[in-house]
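Note that ligands are numbered from 1 as they come in the structure, with each ligand's atoms numbered from 1 the same way.
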Amino acid sequence: MPAPLTLSARAGALQPSLTLSIAAKARQLLADGQDICSLSAGEPDFETPAFIRQAACEALEAGHTRYGPVAGEPALRAAIAAKLSAENQVPTRAEQVLVTNGGKQALFNLFQVLLNPGDEVLLPSPFWLSYPEMAQLAGASVRYLPSDPARGFRLDPADLDAAITPASRLLVLNSPGNPTGMVLSKAELEALAAVLRRHPQLVVVCDEIYEYLLAPGHRHHSFAAVAPDLADRVFIVNGFAKGWAMTGWRIGWLAGPKEVIVAASALQSQSTSNVCSFAQFGALAAITGPRDCVTAMAAQFSERRTLLGDGLQAIPGVRLVAPEGAFYAFPDVRAWGLDSMTLCNRLLEEVGLAVVPGVAFGDDRCIRLSCAAAPATLGDGLERLRRFAARL
Ligand code: GLU
């Protein structure tokens, strides 16, 4: 008989999020008075725009303090549907939208309601570290689709085709991507759609959380708009955290075929209920408001992406595929001869620089640095990295 506090097999196999834990460790070291530069978490350093904060405060004062509809405030669901229809060219009705506790809960719910033990999730690698854990929590296994820095970390449609088995159930597309910053072009999405047409059992989830964060010359395309004939098996995950600087608000959404949204809503009704009611009114102001705040922050991230990218390229032993979007750089530092975990531990101990080891994202040759930090902080981080490299 197991001891009463023995963890379930599920929990026993679970890894805590390294992005969150490294960021928390860096914050703690800073609070302890240590000289730390953190380029770890992907979190905008901007305040949530004032009109959004004000809308949430007004909703709170107006008494939006009780349980709300599990699937989200009707006005917010409608506004998200309208945004998807108009901005992303993915015709969507309000009933096809579930408001979730961040993009993470959208993914978690979807994995739970779609996947059975024995199912396979196809995951282009490098990948954001929560996808495999969520797939495994749903009882599925993960089949990785590796891509090479030498080929710009691009997913080859032929590799996808070759990896599909009768057990393959769900393909994850994350563009702009975390950690590589790769942005799938329209032509690439069309090529992937051609593969998917040959495999009708496969569902696609598009994590579009970085959609507004694009390097100049790049455009975000929603897969469901590029391949409307596949829309009945495509889901979109997105949220307010990155575009509107609302990480702590925890508001995201899942959009897609209604019957699955109904199931995900039932799951939410038995787990968390509605997302914080008054916060949803802040999100409503954000999504129905002018986009200039989003554009202004995205422009700053672009400058910082360039600053970080150029600085990294100039450090001996660093090879970088220039990120096309999101706010990360994922340089290949294998020339330094250290595994990524050892390297990140040494960077923290020896020069006080907190970054995330590539092994957490499926590539031990790389490390991930976030450029969601003030230019002075980026300059400081680069200087620490240069100092470290010079000593190796
Ligand atoms: N997605 C961000 C990152 O990768 C935030 C932390 C997390 O949720 O993993 O840093």
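Atom 2 (C) of ligand 1 has as its closest protein heavy atom Y328 OH, 3.6 Å. Residue, atom and distance of the protein heavy atom nearest to atom 9 (O) of ligand 1 are T19 OG1, 2.6 Å.
The aromatic rings of F388 and W336 sit tilted relative to each other, their planes meeting at an angle between 30° and 60°. Between F327 and Y210, the ring planes are perpendicular. Angles over 60° get that label, and only those under 30° would be called parallel.
Using a 4.0 Å cut-off between charged nitrogen and carboxylate oxygen, K83 and E211 count as a salt-bridge pair. Taking 4.0 Å as the cut-off between side-chain N and carboxylate O, R384 and E350 do not count as a salt-bridged pair. Taking the charged nitrogens against the carboxylate oxygens, E208 and K242 have no contact shorter than 4.0 Å, which rules out a salt bridge.
Of all the heavy atoms of Y210, the ones lying under 4.0 Å from any atom of ligand 1 belong exclusively to the side chain. At a heavy-atom cutoff of 4.0 Å, ligand 1 is contacted by no atom of I209, backbone or side chain. Only side-chain heavy atoms of N178 come within less than 4.0 Å of ligand 1; its backbone N, CA, C and O stay farther off. Of the heavy atoms in K104, only side-chain atoms (C-beta onward) come closer than 4.0 Å to ligand 1.
Ligand 1 has no N or O atom lying under 3.5 Å from any N or O atom of S130, backbone or side chain. Taking distance alone, with nitrogen or oxygen atoms compared against 3.5 Å, A41 stays at or beyond that limit from ligand 1. On a distance-only criterion, W128 and ligand 1 share at least one N/O pair closer than 3.5 Å.
Look at F327 and you'll find every heavy atom at least 4.0 Å from all atoms of ligand 1. For the ligand labelled ligand 1, residue R368 lies inside the 4.0 Å heavy-atom shell.
V142 and P132 get closest at one heavy-atom pair: CG2-CA, 3.9 Å.
Each of the atoms 1 (N), 2 (C) of ligand 1 lies under 4.0 Å from some heavy atom of K242.
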query = Taking it one step at a time, do D161 and H199 satisfy side chain to side chain donor-acceptor pair (under 3.5 Å)?
reply = CA-CA 9 Å; D161 206 13; H199 301 277; 2.8 Å; yes

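When ring centroids are compared, F111 and Y131 stay outside the 6.0 Å threshold.
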